[in-house]
Participant: 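Take a look at this one; I'll ask things after.
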Amino acid sequence: MSMETGIHYFLQETGNQTIGRPREAATFLDEAKTQEVIRFHRSIHGYKPAPLHFLKHLAERLGVRAIFIKDESYRFGLNAFKVLGATYAIGRHLSARLGISVEEASFELLRSAEAKQKLGAVTFVTATDGNHGRAVAWEAQQLGQKAVVFLPKGSAEQRVEAIRQTGAEAHVTDGNYDEAVRLSRKMAEENGWQVVQDTAWEGYTDIPRWIMQGYTTMAREALEQLEESGEPVPTHVFLQAGVGSMAAAVHGYLQSCLGDRRPATIIVEPHTANCLYQSAQIGDGAPHTVDGDLETIMAGLACGEPNPIAWEILRDHAAAFVSCPDWVAATGMRMLAAPPGDDPRIISGESGAVGLGLLAEIMRSGELSALREHLGLGKDSVILLFSTEGNTDAKQYEDVVWGGKYPLVPDPSCASRQL
Ligand SMILES: Cc1ncc(COP(=O)(O)O)c(C=O)c1O
């Protein structure tokens, strides 16, 4: 559906009392697996749950009961959630090489002199819009191993530098993200390196599954934090997607834990890289690709090829797929940077803030009332959001938040929009 705001959405059929279909999402994302993942993450020096903030005044202003946002900029000091996936996947991979089970694996063991002697020199290779590559590079550094990282053209200097600072090689390529993924595969084959990619393809599924399992830690933490806050079960969760691994992991875990009480999941993508939205709309059940430059300020979401494992989960269970112009992310960044009342200020980057930007627009735009009603968003709604990164491109962050870049779209048909 096309909107004057430039926001497009595709609604899934309604299932039971919550929205989405009632079938199991994926057993590899269940509670028992997540407990194992959390145990491994706790073994990493510096592990702390990322804070979950309650935005009381913003919820009042937008007309919902509660808004909770998980601030992943605190994750191991790396300014993004991605390290949860990279650490667990590399941990599993090296454990297998050492012939030990995941229960026996710990971060300390993997970085011990004994493990290093058995493993020899390992080089990990990956493609990234920034955050995943930094996470792989950090993990390699921690374990005394090597990393090579390929980035798409136009990558922000700060993101490239953050990778190089870990001692990894970082190369900015001439192509887009999906081409960088293919290059990293080719380099791995030619050099005997190990690919650690956050998306799957035929014959390459273990590592992307482990990466998805790694992301469930943030959903588990969020449920524990919600329980403490007295609002244990969110009604809606907004999940931003690149290849869809994060969204499918969080959704799959919530569905396996909460069953019929699970929230409605809304998938949010940038227009120029809206491969999940396009796949849902085409509706033949298969994942579809978007190509071109994938130009968007939401660099972490600039992926044109869905992860097929993630796609199957989202195809069957998400309530809606929404495709957004860049100003929606910019609106979310500004709202979190200058919150109403005594709500906490949150530094949220372009790919972290788009969920809030969309929620705000849905709640205040007359044009999106059909979406609001279909999703049942209103005064009883408890919203869960994940700010998946901080200011990973500090210049762009300031251009948006201070400089007013990407202003709210002028929308004359929306006389009812208020804040
Ligand atoms: C900050 C941020 N948020 C969300 C995502 C989306 O994750 P996925 O590619 O698993 O959909 C990414 C991916 O790089 C990211 O960097």
Side-chain angles (χ1 to χ4, degrees), residues 29 50 69-75 78-86 89 126-136 149 151-152 155-156 158-159 162-163 176-178 180-181 196-200 207-216 218-219 237-253 265 267-270 273-277 279 287 290 294 296-311 313-314 318 321 324 329 332-333 336 346-357 385-393 396-397:
L29 300 167
I69 185 162
K70 186 107 172 118
D71 185 352
E72 287 291 325
S73 68
Y74 287 89
R75 196 61 76 180
L78 290 176
N79 221 0
F81 79 104
K82 281 268 162 179
V83 64
L84 292 172
T126 195
T128 183
D129 288 318
N131 293 324
H132 170 70
R134 185 177 182 194
V136 170
V149 179
L151 296 102
S155 293
Q158 185 188 344
R159 295 196 172 110
I163 294 168
N176 67 19
Y177 167 81
D178 305 292
V181 171
V196 182
Q197 202 57 58
D198 48 358
T199 191
I207 284 182
R209 270 210 178 84
W210 293 333
I211 287 178
M212 290 173 70
Q213 288 178 322
Y215 297 158
T216 62
M218 67 179 187
V237 57
F238 286 70
L239 296 170
Q240 55 275 41
V243 297
S245 300
M246 184 281 282
V250 170
H251 175 89
Y253 174 72
T265 291
I267 303 301
V268 191
E269 292 177 288
N274 59 6
C275 53
L276 298 162
Y277 164 83
S279 303
V290 169
L294 312 176
T296 168
I297 59 167
M298 294 170 253
L301 313 184
C303 312
E305 297 179 19
N307 172 355
I309 302 171
W311 161 245
I313 296 171
L314 300 175
F321 293 86
C324 294
M333 290 162 75
L336 289 166
I346 294 166
I347 298 178
S348 182
E350 301 80 349
S351 300
V354 66
L356 176 66
L385 301 164
F386 289 85
S387 173
T388 45
E389 68 175 353
N391 56 346
T392 51
D393 179 353
Q396 173 91 282
Y397 183 83

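As a basis for the values below, the full set of heavy atoms in this structure was taken, side chains included, without hydrogen atoms, waters or symmetry mates. In listed order, ligands and their atoms are each counted from 1.
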Participant: Identify which one of Phe238, Tyr277, Phe321 satisfies the side chain to side chain contact (heavy atoms under 4.5 Å, CB included) criterion when paired with Val268.
Facilitator: Phe238
Participant: Could you tell me if any non-hydrogen atom of Phe386 lies under 4.0 Å from any atom of ligand 1?
Facilitator: no
Participant: Give yes or no for whether the N/O distance cutoff of 3.5 Å, strictly under, is met between Gly300 and ligand 1.
Facilitator: yes
Participant: Which bit of Thr392 gets closer than 4.0 Å to ligand 1, counting heavy atoms only: side chain, backbone, both or neither?
Facilitator: neither
Participant: Go through ligand 1 atom by atom and flag the ones less than 4.0 Å from a non-hydrogen atom of Gly242.
Facilitator: 6 (C), 8 (P), 9 (O), 11 (O)
Participant: Would you say Gln240's side chain and Phe386's backbone share a donor-acceptor pair under 3.5 angstrom?
Facilitator: yes
Participant: Do ligand 1 and Gly244 have nitrogen or oxygen atoms that lie under 3.5 Å from each other?
Facilitator: yes
Participant: Going by the order shown, which atoms of ligand 1 are within less than 4.0 Å of some heavy atom of Ala241?
Facilitator: 11 (O)
Participant: Determine, using heavy atoms of His132 and all atoms of ligand 1, whether some pair is separated by less than 4.0 Å.
Facilitator: no
Participant: OG1 of Thr296 to CG of Asn274: how many Å apart, nearest 0.5 Å?
Facilitator: 10.5 Å
Participant: For atom 3 (N) of ligand 1, what's the nearest protein heavy-atom neighbour? Residue, atom name and distance, please.
Facilitator: Thr388 OG1, 2.7 Å
Participant: Is the contact between Asn131 and ligand 1 made by the side chain, the backbone, both, or neither, using heavy atoms and a 4.0 Å cut-off?
Facilitator: side chain
Participant: Within the 4.0 Å heavy-atom shell around Lys82, which atoms of ligand 1 are there?
Facilitator: 7 (O), 9 (O), 10 (O), 12 (C), 13 (C), 14 (O)
Participant: Pick whichever of Glu389, Met246, Met298 has a heavy atom sitting closest to atom 10 (O) of ligand 1.
Facilitator: Met246
Participant: Check Asn176 against Pro152 and note the closest heavy-atom contact, atom names and distance.
Facilitator: C-CB, 3.6 Å
Participant: Note the single closest protein heavy atom to atom 4 (C) of ligand 1, along with its residue, its atom name and the distance in Å.
Facilitator: Leu301 CD2, 3.4 Å
Participant: Any N/O of Ser245 closer than 3.5 Å to an N/O of ligand 1?
Facilitator: yes
Participant: Could you tell me whether a side-chain N or O of Gln396 sits under 3.5 Å from a main-chain N or O of Ile297, the two making a donor and an acceptor?
Facilitator: no
Participant: Check whether any side-chain N or O of Glu72 sits under 3.5 Å from a backbone N or O of Ala50 as a donor-acceptor pair, and report yes or no.
Facilitator: no
Participant: Could you find the nearest protein heavy atom to atom 9 (O) of ligand 1 and give me its residue, atom name and distance?
Facilitator: Val243 N, 3.1 Å
Participant: Does Ala80 come within less than 4.0 angstrom of ligand 1, counting non-hydrogen atoms of the residue?
Facilitator: no
Participant: Which atom names give the shortest non-hydrogen contact between Val243 and Cys303, and what distance separates them?
Facilitator: CG1-CB, 3.7 Å
Participant: Does Ser351 offer a backbone N or O that forms a donor-acceptor pair with the side chain of Glu389 under 3.5 Å?
Facilitator: yes
Participant: Kindly confirm or rule out an N or O of Cys303 lying under 3.5 angstrom from an N or O of ligand 1.
Facilitator: no
Participant: Contact between Asn391 and Asn79 at the side-chain level, heavy atoms closer than 4.5 Å - yes or no?
Facilitator: yes
Participant: Just do the side chain to side chain contact (heavy atoms under 4.5 Å, CB included) check on Met218 and Val250 with the steps written out, would you?
Facilitator: CA-CA 8 Å; Met218 67 179 187; Val250 170; 4.0 Å; yes
